[in-house]
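Scroll down for the structure; my scribbles are underneath it.
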Amino acid sequence: MTEGFTPKINLNDRMEHTKLSTSLPPTRLKGVEQPETTDFKSVFSGLVENLNKDLNAPDELTKDAMVGKADIHDVMAAISKSEIQVNIATTAVGKVIQTYEKIMQITI
């Protein structure tokens, strides 16, 4: 590399401006939607059902890839997504068990 070489690139002209890059000051939303409150059992069972559905997605995509309906990259993305979800689910279950054990150790 040549010493003292500085490229003459105007980055500001090369940037694409989005809807978020306005000169208006940020404003707060006036209301916040309240999430639907349900019991812990129904929330947890819903998460398990969604996890089961997402874990079956790579199998279906693999079958589609074998007949030429899907791309192998989609299969790999689905496998990675399901692996991450299994890790998250395992961590969440571990945290719930740890919390339960801590609650059971509390003396009244």
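Hydrogens, waters and symmetry mates are skipped; everything else that's a heavy atom, side chains included, is used. The shown structure was predicted, so the numbers you read here are calculated from the model rather than taken from an experiment.
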To the nearest 0.5 Å, how far apart are CD in Gln105 and CD1 in Ile103? 10.5 Å
Would you give the length of the straight line joining atom CD of Glu60 to atom NZ of Lys53, rounded to the nearest 0.5 angstrom? 10.5 Å
Please report the C-alpha distance between Lys63 and Val67 in whole Å, then the side-chain angles of each, then the deciding distance to 0.1 Å, and finally whether the side-chain contact (heavy atoms from CB on, under 4.5 Å) criterion is met. CA-CA 7 Å; Lys63 291 175 187 175; Val67 296; over 6 Å; no
With a 4.5 Å cut-off on side-chain heavy-atom distances among I, L, V, M, F, W and Y, is there a chain of contacts connecting Ile72 to Ile79? yes
Non-hydrogen atoms of Asp59 and Leu55 that approach each other most closely: OD2-O, 4.4 Å
Candidates Asp54, Val48, Asn50, Asn56 - the one meeting side-chain contact (heavy atoms from CB on, under 4.5 Å) with Asn52: Asn56
Would you sort out whether Lys95 and Gln98 count as a side-chain contact (heavy atoms from CB on, under 4.5 Å), showing the intermediate values? CA-CA 5 Å; Lys95 293 292 183 181; Gln98 285 177 356; 3.8 Å; yes
Pro58 and Ala78: which non-hydrogen atoms are nearest, and at how many Å? CG-O, 3.6 Å
Roughly how far apart are Thr62 OG1 and Met76 CE, rounded to 0.5 Å? 9.5 Å
Which atom names give the shortest non-hydrogen contact between Leu51 and Val86, and what distance separates them? CD1-N, 4.3 Å
Could you grab the distance from atom CG of Leu47 to atom CD of Gln85, nearest 0.5 Å is fine? 10.5 Å
